[in-house]
Amino acid sequence: MPVDARVEVDTHCPYCALQCGMVVRDERAEATVAPREFPTNRGGLCQKGWTSASLLTTPGRLTTPLLRERRGAPLRPVGWAEALDHVALRLRELRERLGPDAVGVFGGGGLTNEKAYLLGKFARLALGTSKIDYNGRFCMSSAAAAGIKAFGVDRGLPFPVADLAEADAILLVGANVAETMPPFMRHVRPAADKGGLIVVDPRRTPTAEAAALHLQPAPGTDLALALGMLHAVVADGLLDHRYIAERTTGFDEVWRIAAAWWPERVERVTGVPAADQRAAVALLGQARNAYVLTARGTEQHASGVATVSAWINLCLALGLCGRSGSGFGCLTGQGNGQGGREHGQKADQLPGYRKIDDPAARAHVAGVWGVSVDELPGPGPSAYELLDSLGTPDGPKALLVFGSNLAVSAPRAGHVAERLESLELLVTADFVLSETAAVADVVFPVTQWAEEDGTMTNLEGRILLRSRAVTPPIGVRSDLDVLQGLAIRLGQPTHRFPTDAATVFAELGRASAGGPADYSGISYDRLRAGEALHWPVPAADHPGTPRLFLNGFGHPDGLARFQVVDHVGPAEPPDPEFPLHATTGRVLQHYQSGAQTRRVPELTEASPEAFVEVHPDTAQRFDVHDGQWATVTSRRGSVRARVRCVQTIRPDTVFLPFHFPGAQRANLLTNPALDPTSRMPEFKVCAVRLGAA
Ligand SMILES: Nc1nc2c(c(=O)[nH]1)N[C@H]1C(S)=C(S)[C@@H](COP(=O)(O)OP(=O)(O)OC[C@H]3O[C@@H](n4cnc5c(=O)[nH]c(N)nc54)[C@H](O)[C@@H]3O)O[C@H]1N2
Ligand SMILES: Nc1nc2c(c(=O)[nH]1)N[C@H]1C(S)=C(S)[C@@H](COP(=O)(O)OP(=O)(O)OC[C@H]3O[C@@H](n4cnc5c(=O)[nH]c(N)nc54)[C@H](O)[C@@H]3O)O[C@H]1N2
Ligand code: SF4
Ligand SMILES: [Mo]
């Protein structure tokens with residue numbers, strides 16, 4: 001092909017919420033990617049982004065539907081009509097036999113806004129089921145719930161990431177951005193250079209290495225740490241009295257609890273020296289501009305909502321929220337972790353971030369969908385509760401999975417695998433044979449990122465267009481096609497399930513109009529023109545809302561609400577039988593369950609297998625050696641992982657990445673203790689013992 005015939009399309013990375021700008025070139029049927037200047041990545045990409053094009057032509061790419069007649073039979077290639085007919089017939093039969101709630105749906109925060117929206121509509125209308133939830137429950141739910149309580153609105157960052165460049169101090173809590181969003185380090189670098197970066201993590205991560213101050217609490221004790229720091233704010237005279245009086249409510253009740261958490265007491269619970277707590281507070285309190293940012297390390301706990309609330313309390317006490325140059329935010333994780341939690345694939349939700357039990361929201365959305373309000377089901381169970389109920393007398397007998405590899409990523413994965421096995425029908429759509437697809441009865445092969453149009457909402461609430469840049473392989477269809485194909489066979493009119501992304505987006509805009517996440521003023525044309533549109537965008541001539549709370553918070557009185565919270569501690573503390581804390585998380589090269597990145601040769605070469613980080617003293621105590629395979633055991637199961645002796649972890653804690661399958665699945669260990677509000681499982685701490693493999 002002559003050089004001038006090659007196609008170059010501006011788009012964004014297929015992976016995380018930073019949604020780095022990239023250019024995809026479709027050259028001689030081989031796509032390549034290159035970084036592009038965009039505010040979130042400022043010309044950078046991480047190794048996953050750089051290698052993302054290879055997934056388009058990975059040898060294991062699915063290009064034909066797969067079906068097995070019965071459990072135990074092998075998956076065999078079939079045509080689209082046969083696969084769609086088979087699934088629709090089984091779903092209809094189940095519905096007639098057991099009612100609409102006999103079918104469950106599990107979505108993902110990597111799906112475009114259009115897919116997430118249509119999946120929610122499909123569940124409520126074509127299936128009539130209340131049982132839909134998604135993997136964002138495992139990701140942002142605690143942050144979202146805490147944001148709504150305090151501010152009345154949940155948008156991960158209520159300001160553009162570029163604002164961070166002006167910060168004198170940044171507190172990163174349970175966020176290892178140097179590995180989970182490497183180009184994000186560019187935004188915290190100015191504060192780090194001024195000596196103002198503070199990192200809270202039980203491990204000395206590459207992010208902590210860049211910090212002036214690293215606080216290293218025991219996993220699951222952040223809430224106590226935040227209370228101790230609030231205590232120090234008051235004791236050291238840094239409380240912003242005027243801000244508290246003018247812009248908040250509820251401080252006095254919060255202080256009644258924090259008063260009892262003086263830093264020396266907190267040191268005994270967390271292991272963080274009292275002097276470091278005071279030093280961190282001094283850095284934040286004396287800064288002209290300061291930010292507190294949380295991520296999964298502090299959020300993925302059975303007390304995750306209370307813990308995030310405690311960090312917000314600290315921020316409010318210092319007067320940092322809702323003014324220019326300072327703020328509080330939670331770092332969204334998945335590519336569309338923000339939009340994916342706004343448009344109705346969540347158990348309790350309708351599009352526009354509306355509640356499914358709100359009569360006005362139901363009336364509005366039923367109107368847009370052209371159905372009567374009574375046709376809309378009510379709220380359903382949360383992700384883990386849905387998975388835990390599969391195949392039980394009251395639970396779904398069939399599950400449709402779009403955009404999650406839950407066999408690897410769900411907590412207590414051994415139990416979840418048993419629940420999947422007990423189903424009459426498991427259906428998934430994917431572009432590779434993930435561990436979940438491998439145990440499904442029907443697999444639909446779908447287009448991916450660069451092969452289709454769709455919008456994503458990045459970590460700063462900015463809506464982005466990912467445009468089709470390459471021709472998909474023959475045989476695959478988009479998720480929107482799959483949903484339409486099934487919906488028609490379930491008796492729905494074709495027009496109700498459009499397959500053109502721009503048409504779906506326009507409908508999504510109407511459905512979201514008037515809701516907190518209002519997209520009604522956004523169009524593909526505005527996005528193509530490169531407008532920086534942060535929601536809400538309630539009209540076609542509205543410029544968007546980059547900074548949400550400058551003129552008041554989202555509650556009717558415009559005030560932020562302090563939340564009364566007290567320290568709880570891990571749901572499963574260590575004991576003589578399971579004497580160590582295990583925590584889990586990420587490495588730079590792998591994304592989530594690894595379904596995608598384990599198929600990229602450069603990435604598996606750099607990170608081939610599961611490992612467990614162990615302090616040398618702990619290795620000696622448990623008689624395991626660096627480089628050796630070990631067994632880590634919790635009350636729920638055992639994992640094989642190679643020992644990595646590191647000085648950077650606390651001696652009472654081990655760390656495992658969760659990206660690896662089979663016997664190397666960290667989630668065989670994890671505790672599905674759920675937060676009472678967000679229903680977030682406790683991925684970040686459980687009790688384990690360590691032994692030679
Ligand atoms: N390379 C890579 N990047 C990713 C992803 C990926 O899978 N791989 N996934 C994306 C997604 S969906 C997400 S949600 C984000 C997640 O991004 P992060 O939240 O940054 O990632 P994690 O590694 O899960 O957790 C961060 C840190 O929390 C620490 N931690 C563990 N327990 C505790 C605790 O009790 N308190 C505190 N303060 N810290 C604790 C861990 O040691 C870890 O270093 O990353 C996104 N980016
Ligand atoms: N122990 C432990 N477990 C965790 C976590 C942890 O920190 N520790 N973190 C949790 C978090 S934050 C998250 S976000 C979850 C994520 O965990 P998962 O939900 O498993 O996420 P992925 O691995 O990204 O799985 C996405 C799957 O969908 C496919 N896919 C990608 N895009 C599309 C699409 O557009 N359409 C369709 N049909 N398929 C698509 C991919 O190939 C892959 O198979 O894991 C959670 N699990
Ligand atoms: S930081 Fe996230 S969005 Fe950027 S290249 Fe890496 S994975 Fe992609
Ligand atoms: Mo996530």
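Each ligand, and each atom within it, is numbered from 1 in the order the structure gives.
Relative ring orientation between F122 and F497 is described as perpendicular, the plane-to-plane angle rising above 60° on a 0-90° scale split at 30° and 60°. Using cut-offs of 30° and 60° on the angle between ring planes, the pair F683 and F138 is perpendicular. Between W261 and H567, the ring-plane angle classifies as perpendicular under the 30° and 60° cut-offs. Taking the six-membered ring for Trp and thresholds of 30 and 60 degrees, F611 and F655 have ring planes inclined between 30 and 60 degrees apart.
Where the criterion is an N or O separation shorter than 3.5 Å, residue side chain and backbone included, D430 meets it with respect to ligand 2.
Side chains of R586 and E179 form no contact here, defined as non-hydrogen atoms less than 4.5 Å apart.
Taking a cut-off of under 4.0 Å to the non-hydrogen atoms of D479, the atoms of ligand 2 that pass are 34 (C), 35 (O), 36 (N), 37 (C), 38 (N). Under a 4.0 Å criterion applied to the non-hydrogen atoms of L111, ligand 2 contributes the atoms 34 (C), 35 (O), 36 (N). Short contacts between ligand 2 and T670, defined as distances under 4.0 Å to a heavy atom of the residue, involve ligand atoms 1 (N). The atoms of ligand 2 that sit less than 4.0 Å from any heavy atom of A429 are 37 (C), 38 (N), 39 (N). In the vicinity of S434, heavy-atom distances shorter than 4.0 Å reach the ligand 2 atoms 44 (O).
At a heavy-atom distance under 4.0 Å, only side-chain atoms of K115, from C-beta outward, approach ligand 2. Residue-level proximity to ligand 2 for A595 is carried by the side chain, the only part with a heavy atom below 4.0 angstrom. Here N405 has heavy atoms under 4.0 Å from ligand 2 in both its backbone and its side chain. In F431, the part holding a heavy atom less than 4.0 Å from any atom of ligand 2 is the side chain.
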What's the verdict on side-chain hydrogen bond (donor to acceptor under 3.5 Å, both in side chains) for N135 and Q592, showing C-alpha distance, side-chain angles and the deciding distance? CA-CA 11 Å; N135 68 7; Q592 321 272 53; over 6 Å; no
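With Y291 as reference, L164 is the one residue of L284, L164, L157 to meet the side-chain contact (heavy atoms from CB on, under 4.5 Å) rule.
At least one heavy atom of G403 lies less than 4.0 angstrom from ligand 2.
Residues of the protein with a heavy atom under 4.0 Å from ligand 1 are C16, K48, C139, G174, A175, N176, E179, T180, V200, D201, P202, R203, T205, P219, G220, D222, A295, R296, G297, H301, G333, Q334, T583, G585, R586, V587, L588, H590, Y591, Q592, H659, K684, listed by chain and number.
Salt-bridge annotation for R679 and D133: absent, with no side-chain N of the basic residue lying under 4.0 Å from a carboxylate O of the acidic one.
Checked by atom type, the side-chain pair H214/D201 shows no donor-acceptor distance below 3.5 Å.
Every pair passing side-chain hydrogen bond (donor to acceptor under 3.5 Å, both in side chains) that includes a residue from residues 438-454 is listed here, sequence neighbours excluded: R61-E451, R71-D441, K115-E452, T447-E452.
Atom CZ of R644 has 12 or fewer heavy atoms from other residues, nucleotides or ligands within 6.0 Å.
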